[in-house]
2 protein chains.
Amino acid sequence: MAMPEQNPRRRLSRDDWAEAALTAIAAGGLAAVAVEPLAARLHATKGSFYWHFANRDALLDAALARWEERTTTDVIGEITAMDGEPADRLRRLITRVVGIAERDAVGPALLATAADERVAAALDRVTRARIGLIVALFEDAGFAPAAAHRRALLAYSAYLGHAELAHSTPQVLPQASEERRAYLDDVLRALTAP
Amino acid sequence: MAMPEQNPRRRLSRDDWAEAALTAIAAGGLAAVAVEPLAARLHATKGSFYWHFANRDALLDAALARWEERTTTDVIGEITAMDGEPADRLRRLITRVVGIAERDAVGPALLATAADERVAAALDRVTRARIGLIVALFEDAGFAPAAAHRRALLAYSAYLGHAELAHSTPQVLPQASEERRAYLDDVLRALTAP
DNA sequence: AGAAGGCCATACGCCACCGTATGGTTCTCC
DNA sequence: GGAGAACCATACGGTGGCGTATGGCCTTCT
């Protein structure tokens, strides 16, 4: 719940607005991206906004691009650059990515607004990139392509569902860190079963 | 995309409005539930709405209650009333429920609006009921309580994720029915592994 | 120092939606 | 077949958000 827009910075950048838009999406979905309320949160007015952006749509585009890069490019780069056993890499990907998902609510919010064309396009790219990464990991782990794809789909579905649970009804998820570890172990065991 | 509100029925019931609200939620999230557009779709005016409901909030409550009953009570009743091997019941639950999920977009839309108190409450009840059912199935299948709970969580996460994928980027899911069968087999195998 | 342009506040018209008020239809039941 | 209730349309004021216009400040460069 950190609100980085509090510091008394006078002049705002385009990125400040995009970031605020992402915060709004996480909090209330696409519909929550409204220029005037955003301006209020940033202690500015529409005058500032409409200098940086042509309109609300342009802001959405910028926010989506920002999210897409942050949640795909960065993580995927980190994992592919990693070495070690496939099982280890899978484990690290999961722990890493689950941590991110539990903090960031933008993804779930966007999934609900897949009706919007631009959102659908961004989701499509992100989804394929992520699944592609997981498929590669399973293939490295020795699964045949078709089987690897199925397992990757299952793994990614479980990831998405976990992210949803984490931000909608987190109480049902294991809280204590030992329980979390046991759960992760079990998930990995199931996902990598014969 | 069936729009059941087309038939030239003159007078509307409370349930007609609730149903239209659910359709709107599925299409555009909570924010899409707007009285006047809904009235237009139903070929009526606000005059009708405000006779049946006190305000927009009352409509949301009614819609949520309707969804909650439909997606919990009904399915759970059907499965618990079922007999047969645990594995069979699990399989039938999955096929049954995945079919529903792929058609109905209300769940994903609500997950994105968990910020709303009433939505959170409904989600909490639905989530617990569903997970409870799955836990019971895994226990019947011979898993110890803790392990059954972990597996149920994984299964339910996968289900949620699958629902998300089905309505946001369905292209990544297996399309042909043989592929779907192979995928389902693999998922069941993974979920019920040692 | 002063001019130019980057950055922002204020004020305005517009539209979509909410909720209310009020009067008209259309059922239902005797 | 007429009274009362159920149901609905129309019209209205209020609010919040979008986008534009315009003028002012603040920085930067010369």
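Throughout, a chain's letter reflects where its sequence line sits, starting with A, and its residues are numbered from 1.
Here A:E19 contributes atom CD and A:L42 contributes atom CG; the two are 10.5 Å apart, rounded to the nearest 0.5 Å. A:L173 CG to A:L165 CG: the interatomic distance, rounded to the nearest 0.5 Å, is 5.5 Å.
Between the side chains of B:T169 and A:R128, not a single donor N or O lies within less than 3.5 Å of an accepting N or O. No donor-acceptor contact under 3.5 angstrom links the side chains of A:S48 and A:R11, judged on distance only. Between the side chains of A:D16 and A:S13, at least one donor-acceptor pair of N or O atoms lies under 3.5 Å. One side chain, A:H162 or A:E102, offers a donor N or O that lies under 3.5 Å from an acceptor on the other.
Straight-line distance from the CH2 atom of A:W51 to the P atom of D:dT22: 19 Å, rounded to whole Å. Rounded to an integer number of Å, the gap from CG of B:L30 to P of C:dC18 is 13 Å. In this structure, the OH atom of A:Y50 is 18 Å from the P atom of C:dA11, given to the nearest Å. The interatomic distance linking B:H52 (NE2) with D:dA5 (P) rounds to 18 Å, in whole Å. In this structure, CZ of A:R56 is placed 13 Å from C1' of C:dA16, rounded to the nearest angstrom. Regarding B:E36, its CD atom lies at a distance of 5 Å from the C1' atom of C:dC17, rounded to whole Å. In this structure, the CG atom of B:N55 is 16 Å from the C1' atom of D:dG14, given to the nearest Å. Counting to the nearest Å, the C1' atom of C:dC8 and the CG atom of A:D16 are 14 Å from each other.
Within the structure, every side-chain polar atom (N or O) of B:R11 is placed at least 4.0 Å from both OP1 and OP2 of D:dC7.
The A:L12 side chain lies nearest to C:dC8 when the options are C:dC8, C:dC17, D:dC18. The side chain of A:S48 approaches C:dC8 more closely than any other nucleotide in the set D:dG17, C:dC8, C:dC17.
One hydrophobic cluster, built from ILVMFWY side chains closer than 4.5 Å, holds both A:I100 and A:L64.
Mapping A:V35 and A:G47 onto DNA chain D via the closest heavy atom, the residue that lands nearer the 5' end is A:V35.
The stretch residues 58-67 of chain B has no heavy atom under 4.0 angstrom from DNA chain C at all.
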